[in-house]
Every structure is written in structure tokens, then in C-alpha cells.
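Throughout, protein chains are lettered first and strands after them, A, B, ... in sequence-line order, and every chain is numbered starting at 1. Keep in mind that the numbers below use all heavy atoms, side chains included, and drop hydrogens, waters and symmetry copies. None of these values were measured; they are calculated from a predicted model.
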Amino acid sequence: MVRVRYAPSPTGSPHVGNIRTALFNFLLARKEGGKFIVRIEDTDRARAVEGALEDILESLRWLGIEWDEGPEVGGPHAPYFQSERLSTYREIADDLIAKGKAYRCFCTPEELEKMREYQRINKLPTGYNRRCRERDPSEAESLIAAGTPFVVRLAMPLDGKIAFSDSIRGRVEYDAALIDDQVLLKADGWPTYHLANVVDDHREEITHVIRGEEWISSTPKHIVLYDALGWTPPIFVHVPVIKGPDGSKLSKRHGDTRCLDYREKGYLGAAVANYIALIGWSPGGDREVMSLEEMQDAFSLHGLQPSPGVFDITKLQWMNGVHLRNLSPDELYDSVKAFHETSQDEEYIKKPCHRSFLKGLQDREYATRALVLEQERVKLLSDFCEACEFFFVNEVSIDPDAAAKWFGQPHAKSLYEFLLSELSGRNAISVEDCDALIGKAVQQLGLEKRAQAIHPTRVALTGKTFGPGLFELMSLLGSSRMSARLNRAIELTGPR
RNA sequence: GCCCCGGUCGUCUAGCGGUUAGGACAUCGCCCUUUCACGGCGAAGGUCGCGGGUUCGAAUCCCGUCCGGGGUACCA
């Protein structure tokens with residue numbers, strides 16, 4: 001059975017590149033009917049960040065990634081926090097020392113720094129000089145007895161090659177002599193990533209390690225560790241990094257890179273998942289727009305690519321629009337409402353429409369119809385606020401250019417007056433009725449084209465020159481709202 | 001410096017020895033149309049990083065080279 005894991009370190013809110021590896025793991029598990037495990041690698045106490053764990057879980061949930069074992073859900077290998085399993089790592093480190101596969105190192109950080117500086121200056125390969133590896137056992141005993149702090153290092157082979165197979169890249173080979181005697185246990189008794197990761201992957205019976213490319217060069221250390229412990233290594237899959245527009249690894253200086261930033265901006269989890277999956281993975285052929293379920297069915301390790309990809313926000317926006325249009329009216333309403341109520345995005349919150357929108361959203365039926373009318377012309381959930389504003393406010397703000405162009409038309413005032421009189425006493429009005437009404441106005445005023453009535457009416461009712469079909473919007477607005485706006489428009493057209 | 005991994009239109013990619021190198025986003029036209037979008041059609045954009053081989057034939061295999069990225073921590 002396939003067992004894969006996402007093993008983040010709670011040192012910050014996960015960014016899109018990081019969460020994408022979680023997605024790949026999840027997709028493989030679902031495709032193969034296996035298990036997806038979340039394990040928190042909280043072994044770096046100095047870099048721990050408050051709230052990071054919540055953001056990790058929230059990011060996964062937002063994208064629709066569910067875990068079979070891990071925080072909150074537990075599982076047969078609980079606890080899924082490395083900080084709660086410290087004794088295991090220490091026991092294994094001791095075992096490794098006893099077998100001669102690891103050794104205690106008493107070198108201080110200062111000494112190591114000096115050594116590295118010497119190596120740099122003399123253009124030698126950097127790395128630990130293995131001074132403590134040859135230390136006399138009795139000498140080590142007395143240092144321990146004296147309370148001298150030490151770390152535990154892995155005793156790497158001194159020669160030969162270390163090779164492994166990567167699902168994406170094939171055979172990868174390293175010269176053992178060039179690889180450092182990695183620290184396994186820090187002086188404070190906590191394990192490093194390398195030890196804890198290998199131990200847990202084995203303990204949790206992980207079959208495929210799908211992780212970022214930045215780990216490829218530490219894989220030979222892991223191979224040696226597996227070997228020293230007498231364990232069979234999993235299958236390694238190193239996925240390429242995601243780059244910013246400048247070609248370097250995506251990071252904070254490229255702007256929004258936190259996964260949850262995109263939720264704040266009005267993107268759909270399904271769209272973000274779809275988009276990031278396509279950087280470095282292809283289902284083959286021309287398929288692009290896919291739901292999470294479709295990706296699960298289509299996923300294969302063979303579709304993974306070795307080369308890094310650039311994050312293209314423009315394409316994400318397009319894709320978000322596509323996913324937005326696929327939403328049913330109810331889903332649309334729920335998504336917009338949830339977004340509006342939770343987004344803390346400053347740019348969004350300070351929009352003038354922000355307040356009226358919340359009020360407008362209270363009338364579910366009316367609001368849903370308004371959202372549906374705008375559904376095919378927006379890209380983000382955050383776009384609805386402005387796009388639908390005219391449906392909800394008492395007084396629409398009128399674009400000055402539009403006013404100048406259409407209120408000044410000679411027939412504008414009489415058009416509005418005619419519509420107003422036709423509307424008086426009416427209550428509900430259908431789309432067909434609105435169509436007929438405009439037709440009647442055209443005839444009554446002797447206009448040549450329907451557009452001559454349509455455009456000025458649109459500006460009077462919405463304040464804008466663009467938007468949904470006029471008859472649909474009129475029907476939804478209803479006669480009383482229309483009447484108020486027509487009255488105001490008549491005032492604005494001034495004396496005849 | 002040393003080690004490793006990459007390299008197909010601006011971007012994401014299909015391709016797995018024989019294709020007019022296909023698709024998508026973005027760009028530009030046209031159509032649809034009451035506007036804006038959506039949708040449809042079309043255009044432009046690639047000497048498959050470069051140079052050598054292997055082969056009847058190479059984007060696909062091999063070597064070299066250049067460029068890019070990653071690693072080189074008591075961080076993950």
C-alpha cells in the first residue's frame with residue numbers, strides 16, 4: 001500500500017511551492033488508494049513560529065487536501081509531532097554509536113566556523129574535518145563525564161559512491177568522501193531533520209518520499225542512515241522548485257507567496273490547487289482545467305517534470321475565472337459570502353463598496369441572482385464587491401465620463417421620463433417585459449437604434465457603461481429601485 | 001570553490017528516433033452582441049540553450065560547453 005507524507009516544519013506559513021509538494025503526495029495517495037500522512041517536524045525550537053501549525057492545516061484544508069493520519073485526526077503512529085518523540089531519536093542515536101555508525105563530536109560551533117573559514121580561504125571543499133571521529137574512546141568518556149557538550153554525527157563512508165534512484169531523474173550518484181558527517185543529534189539532545197525524518201518515515205512505513213528538489217543533495221546521507229539502521233529506503237521523488245518571474249526560487253520578495261494569501265485575495269482553493277499542480281506536473285495531452293477529483297484520477301509520477309517552473313499569476317487569474325464560472329448559484333453565494341466575511345486583505349477591506357456589500361449579502365435570494373449576473377465577467381471573489389455594488393446601494397455612483405456622454409443626449413430626459421411613467425404602479429417585472437419596455441421606448445421616442453435607449457438606461461441604473469445584460473439587470477433591480485434611479489438621472493440631465 | 005539537478009514559443013507544458021514541433025495563458029485581429037465579459041475563429045510568437053557526434057533520420061540517444069537553479073548549518 002502506498003503511504004506518503006507531507007512533513008512541514010512549523011517555521012512559517014506555507015507558501016505555494018511548499019504546499020504543492022503536499023498536493024502531489026495527496027494526489028498519489030488518492031490515486032493509488034493509499035494513505036496520506038501529515039507529520040509536523042518541529043525539531044528546530046529556535047525557528048518555531050507561533051500560529052504556523054494552524055496555517056499549515058488551514059492551507060491544506062483550503063485546497064481540499066485531507067489527511068488520513070496526523071494532527072487532529074491521530075492514527076496508528078501517533079503522535080505526529082516530532083517534539084513528542086524525542087526519546088526515540090536519542091535511543092536510535094545511541095544505538096548507532098554502539099554500532100560504530102555514528103560518533104560523538106565535541107567540537108564547538110566556534111571551532112567549526114574557524115575550520116570552515118580556513119577551508120574557504122584555501123579554496124578547499126567545505127565540510128567537517130572528522131577530528132572527533134578518530135578520538136580515543138576513553139578520552140571521549142572523560143569528556144562526557146566532565147559534562148562537555150557534544151553532538152552525534154553520522155560516520156559517512158570514507159570512499160566509494162552512494163547512489164539512489166529518483167523517480168523523476170533516474171539514478172543519482174554522489175562521491176561518499178565529499179559528503180559531510182551529518183549532525184544527527186544536536187547538543188541540546190534534539191534530533192536534526194536528517195535523523196528524525198528517516199526514523200519517522202520508516203516508523204510510519206512511508207513508501208514514497210515526495211519532497212522538494214532542495215533535498216536531493218541530502219538524500220545520500222539518508223541512504224547511509226537507512227543502511228546503518230538496516231532499513232529499506234523508500235522511493236525518492238524530488239519535485240522541482242517553483243520560481244518567481246526573475247528565475248530565482250519563489251520567496252517573500254516576489255510578493256504574495258503564502259498559500260493563504262491567495263484566499264485573502266479572492267482565489268478559490270480549487271483553482272489554486274489546479275494551477276500549482278500544473279507547475280511541474282502534467283496529466284499528459286491538453287488537459288488543464290481540472291477539479292481535485294479529476295486530478296486524483298489523472299495523477300501519475302510519470303507526469304512529474306524535472307525542470308523548475310515560473311509562477312504566472314496571470315494564468316492563475318484566468319484559471320480562477322474558469323473555476324468561478326463552474327460554481328452553481330448556491331456555491332457561488334456561499335463562496336462569496338464566506339470570502340467577504342473572512343478576508344482580512346487590506347486592499348479589499350478599504351474598498352468603498354465593502355460595507356454595502358455585506359448588507360446586500362443578507363438577502364440571499366436577491367444577492368445570489370446579482371452574483372450570477374456578474375459570474376462570467378469576474379476573475380476573483382473579491383471582484384464581486386465592486387461589480388455588484390449597484391445592485392445593493394440606494395444611490396449609485398455615476399462614472400463622470402459615462403454621465404457626460406449619455407445624460408447629455410437630447411433624448412435622455414424624455415427616455416427616463418417615459419420609462420418612469422411606464423414603471424409606475426408596477427411591481428415585479430420580467431426580463432421579457434424589460435426587453436419589451438425598451439422596445440416601446442425606442443418606438444415612442446422615434447429612435448433609430450435600440451442602443452440609443454439601452455446605453456443611457458444602463459448608465460442611469462448602474463452608473464457604468466459595462467455590466468450584465470440590461471434586461472436581466474433591470475428585472476432584478478425591480479421597478480421601485482429603477483424608479484428612484486431614473487428620478488435621479490432626470491435631475492442630472494438638467495433642464496431640457 | 002566543490003557537489004548535484006535542470007534547459008521545447010514571453011510563461012506553463014505535450015512530445016519519449018520519422019510530427020508542417022501540438023495545446024493553454026498573455027498579446028493582436030475578426031465573429032457573436034445592448035456594453036463589458038464569456039464563447040467561437042484566426043494571427044503572431046520556437047533555428048527544441050550552444051557545439052560536436054551516433055543514425056538513412058535527433059527536441060528525443062552519447063559527449064563537451066554555456067547558462068540557470070539547488071546544496072555545501074548543532075535550519076528545515
Any ion pair linking A/Arg377 and A/Glu374 (charged N to carboxylate O, less than 4.0 Å)?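 Between A/Arg377 and A/Glu374 there is a salt bridge, with a charged N closer than 4.0 Å to a carboxylate O.
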Donor/acceptor link under 3.5 angstrom from A/Arg377 side chain onto base of B/C36: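 Indeed, a donor on one side and an acceptor on the other fall under 3.5 Å apart.
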Can you tell me how far [atom1] in [N] sits from the matching atom in [M], rounded to whole Å?
N: B/G70; M: B/G29; atom1: C1'; result: 43 Å
N: B/A58; M: B/C28; atom1: P; result: 39 Å
N: B/A14; M: B/G23; atom1: P; result: 15 Å
N: B/U13; M: B/U8; atom1: C1'; result: 9 Å

Check: protein-nucleotides 39-42 of chain B nitrogen or oxygen pairs below 3.5 Å:
none

Measure from [atom1] on [X] to [atom2] on [N] and round the result to the nearest Å.
X: A/Ile168; N: B/C4; atom1: CD1; atom2: C1'; value: 15 Å
X: A/Gln317; N: B/U27; atom1: CD; atom2: P; value: 11 Å
X: A/Ile279; N: B/A24; atom1: CD1; atom2: C1'; value: 13 Å
X: A/Met319; N: B/U13; atom1: CE; atom2: P; value: 12 Å
X: A/Asp286; N: B/C12; atom1: CG; atom2: C1'; value: 13 Å
X: A/His323; N: B/C25; atom1: NE2; atom2: C1'; value: 14 Å
X: A/Asn122; N: B/G1; atom1: CG; atom2: C1'; value: 11 Å
X: A/Phe311; N: B/C25; atom1: CZ; atom2: C1'; value: 13 Å

For [N], which nucleotide in any strand shown is its Watson-Crick or wobble partner with both distances under 3.5 Å?
N: B/G1; value: B/U72
N: B/C16; value: none
N: B/G64; value: B/C50
N: B/A26; value: none
N: B/A59; value: none
N: B/U34; value: none

With sequence neighbours excluded, what pairs up with A/Asp401 under the side-chain contact (heavy atoms from CB on, under 4.5 Å) test?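 Listed in chain order: A/Asp399.
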Applying side-chain contact (heavy atoms from CB on, under 4.5 Å), name anything that partners A/Asp435, two or more places apart in sequence or on another chain.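 With sequence neighbours excluded, A/Asp435 shows a side-chain contact (heavy atoms from CB on, under 4.5 Å) to A/Arg450, A/Phe471, given in chain and number order.
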So [X], base contact, sugar-phosphate only, or nothing? Heavy-atom distance under 4.0 Å.
X: A/Gly309; value: sugar-phosphate
X: A/Glu173; value: sugar-phosphate
X: A/Gln119; value: nothing

Has [X] got more than 12 heavy atoms of other residues, nucleotides or ligands less than 6.0 Å from its [atom1]?
X: A/Glu448; atom1: CD; result: no
X: A/Asp188; atom1: CG; result: yes
X: A/Glu422; atom1: CD; result: yes
X: A/Glu113; atom1: CD; result: yes
X: A/Lys252; atom1: NZ; result: no

Could you check if a side-chain atom of A/Thr219 sits within less than 4.5 angstrom of a side-chain atom of A/Val172, using non-hydrogen atoms only?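 SC-SC contact between A/Thr219 and A/Val172 ruled out.
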Less than 6.0 angstrom from the centroid, inside 45 degrees of the normal: does A/Arg153 satisfy that with respect to the ring of A/Tyr128?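 Yes.
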Which class fits the ring pair A/Phe164 and A/Tyr174: parallel under 30°, tilted 30 to 60°, perpendicular over 60°?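 Parallel.
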With respect to the side chain of [X], which nucleotide from [options] is positioned closest?
X: A/Val172; options: B/U35, B/G10, B/C4; value: B/C4
X: A/Lys379; options: B/U34, B/G7, B/C38; value: B/C38
X: A/Phe471; options: B/U34, B/C5, B/C3; value: B/U34
X: A/Glu288; options: B/G7, B/U34, B/A24; value: B/A24

Checking A/Glu111 now: which residues fulfil salt bridge (charged side-chain N to carboxylate O under 4.0 Å, His left out) with it, not counting sequence neighbours?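 A/Glu111 satisfies salt bridge (charged side-chain N to carboxylate O under 4.0 Å, His left out) with A/Arg131 only.
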Footprint string (nucleotides 66-76 of chain B, 5' to 3'): B base within contact, S backbone only, - free, heavy atoms under 4.0 Å: ---SSSSSBBB
Under 4.0 Å between a side-chain N/O of A/Gln305 and OP1 or OP2 of B/A14, yes or no?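 Yes.
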Given that A/Asp312 and A/Pro306 both sit by RNA chain B, which one's nearest nucleotide is further toward the 5' end?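 Its nucleotide being nearer the 5' end, the pick is A/Pro306.
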Considering heavy-atom distances to RNA chain B, does A/Lys315 or A/Glu472 have its closest nucleotide positioned more toward the 5' end?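 Upstream on the strand: A/Lys315.
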Might you point out which heavy atoms bring A/Leu477 and A/Phe390 nearest each other, and give the distance in Å?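 Closest approach of A/Leu477 to A/Phe390, heavy atoms only: CD1-O, 4.2 Å.
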Could you tell me if A/Asp246 and A/His254 have a donor-acceptor pair between their side chains, going purely by distance under 3.5 Å?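 A donor-acceptor contact under 3.5 Å links the two side chains.
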What protein N or O atoms touch nucleotides 31-33 of chain B N or O atoms at under 3.5 angstrom, if any, and at what distances?
none

